[in-house]
Amino acid sequence: MRDVIIIGSGPAGFTAAVYAARAELKPLLIASSVQVGGELMNTTEVENYPGFDEGIMGPELMAKMQAQAEKFGTEVVYDDVTSLELEGDVKRVTLGSGEVHEARSVIYATGSAYRKLGLPEEEVLSGYGVSWCATCDGFFFKEKVIAVVGGGDSAMEEATFLTRFASKVYIIHRRDSLKASKIMQQRAFDDPKIEFIWNAEIAAIHGTGQVTGVTLRDTVTGTESGLDLQGLFVAIGNDPRTHLVHGQLDLTAEGTIAVAGRSSKTNLPGVFAAGDVIDPTYRQAVTAAGSGTVAALDAEHYLAALPAVDAELASATR
């Protein structure tokens, strides 16, 4: 019987592991069988994470987080969780291998996934002009011509933010009207650096080692045209990875896991959530890490409040 199992290997998961391990809870962290480290593994240079004044590559930052967690005693398992049983005093986590782990508490930190256009060039040029995060990567596009794909609030916010750096920002939207709020629309309309391209979708992304342009397809006529660009930001939404907890944990209207106030406490005792999976707004590495801290401390306090007989049993069977 474990004290705590952490599901997820992004900034929230590994930060929770550091705190839980330092509290001598001997956490088990379930990473991925494919890629450990979350969305930062798809990022090149990270310049806005505190403590790295010269920046750090995303994969290197995650490797350091993992090393720190393991240094204090976190056990990392490279497998995928296939099902969860979260009700009751004993939580059960089933892995793809068929192995079942039990714990008195669980921290769920599976993050979220940016929605993608589904183009092959999107993956190849990720980090080389294709991005899903303006606050992460906008600084690298000073005096560049770039485009934002999307028509919601997030797309308008990304485009407006990017005008601080870029010389010109196109907003490419597949319809002739926006679904963004009126105030966000007006900000974009009023910005002299922003130009809208209506009824258009990205048919292809061009570039070898760096984005050089896109092919646009008119969604009404089907005709295609080219547009020279040095950067492409995809802002068509993101999806919290909550499929494993549907029917067990309460969700918000945005689809994230509902927690009590500023805590990480879900509707089930002993189950905590952290990182992007509870955050529909900020979705930054540093906010996810802070959220992981909260989850570990909440789990520690929860375990400390359990009857002593349970604690003795858990220690004997660890």
Side-chain angles (χ1 to χ4, degrees), residues 1-21 23 25-33 35-39 65-66 69 74-96 99-113 238-252 254-283 285 287-303:
M1 174 80 70
R2 299 272 181 171
D3 276 330
V4 59
I5 292 176
I6 300 167
I7 303 170
S9 58
F14 277 127
T15 302
V18 168
Y19 274 77
L25 299 180
K26 297 181 173 58
L28 173 68
L29 186 145
I30 310 298
S32 167
S33 64
Q35 184 184 72
V36 179
E39 292 297 324
M65 288 189 182
Q66 179 172 352
T74 300
E75 181 184 349
V76 178
V77 171
Y78 301 98
D79 204 342
D80 299 308
V81 177
T82 57
S83 66
L84 295 170
E85 297 175 44
L86 299 176
E87 295 190 16
D89 295 334
V90 178
K91 322 299 180 184
R92 293 178 176 83
V93 180
T94 302
L95 305 183
E99 191 173 3
V100 178
H101 294 276
E102 295 184 340
R104 296 189 297 157
S105 67
V106 165
I107 296 175
Y108 193 80
T110 53
S112 63
N238 70 295
D239 298 304
R241 295 188 176 99
T242 59
H243 60 284
L244 289 170
V245 298
H246 287 179
Q248 297 188 74
L249 298 184
D250 291 343
L251 303 180
T252 67
E254 294 90 352
T256 54
I257 295 174
V259 293
R262 296 188 63 187
S263 78
S264 66
K265 300 173 184 176
T266 70
N267 58 295
L268 293 181
V271 181
F272 309 91
D276 286 7
V277 79
I278 68 168
D279 177 12
T281 306
Y282 302 105
R283 299 193 300 272
T287 53
S291 179
T293 301
V294 171
L297 294 175
D298 284 344
E300 182 183 357
H301 295 156
Y302 168 81
L303 292 166

message = Under a 3.5 Å distance rule, please check whether Thr15 uses its side chain to pair with a backbone N or O of Pro11 as donor and acceptor.
response = yes
Which side-chain N or O atoms in residues 106-113 pair as donor and acceptor under 3.5 Å with protein atoms at least two apart or in another chain?
from: Tyr108; atom 1: OH; to: Arg241; atom 2: O; distance (Å): 3.0
from: Thr110; atom 1: OG1; to: Arg241; atom 2: O; distance (Å): 2.7
from: Ser112; atom 1: OG; to: Asn238; atom 2: ND2; distance (Å): 3.2

task = Would you name the heavy atoms of Ser263 and Asp298 that are closest together and state the gap between them?
result = CB-OD2, 3.6 Å
task = Test Leu251 against every option in Thr256, Ile257, Val277 by the side chain to side chain contact (heavy atoms under 4.5 Å, CB included) rule and name the one that passes.
result = Ile257
query = Any donor and acceptor pair, going by atom type alone, linking the side chain of Ser105 with main-chain N or O of Asp3 inside 3.5 Å?
reply = yes
key: Exercise: identify the closest heavy-atom pair between Leu29 and Ala17   = CD1-CB, 3.9 Å
task = Return yes if some donor-acceptor pair links the side-chain N/O of Ser291 with the main-chain N/O of Gly275 below 3.5 Å, else return no.
result = yes
Sidechain-backbone polar pair: Asn267 side chain, Gln248 backbone, donor-acceptor under 3.5 Å = yes
key: Carboxylate-amine/guanidinium proximity below 4.0 Å for Arg283 and Asp276   = no
request  = Answer yes or no: are there more than 12 heavy-atom neighbours, outside Glu254 itself, under 6.0 Å from its atom CD?
outcome  = yes
key: N/O donor-acceptor pair under 3.5 Å between Thr94 side chain and Val100 backbone   = no
key: Heavy-atom closest contact (Tyr19 atom, Ala296 atom, distance)   = CB-CB, 3.5 Å
ask   = With a cut-off of 6.0 Å (strictly less than), are more than 12 heavy atoms of other residues, nucleotides or ligands near NZ of Lys91?
value = yes
Short N-O contact, Glu75 and Arg2, less than 4.0 angstrom = yes
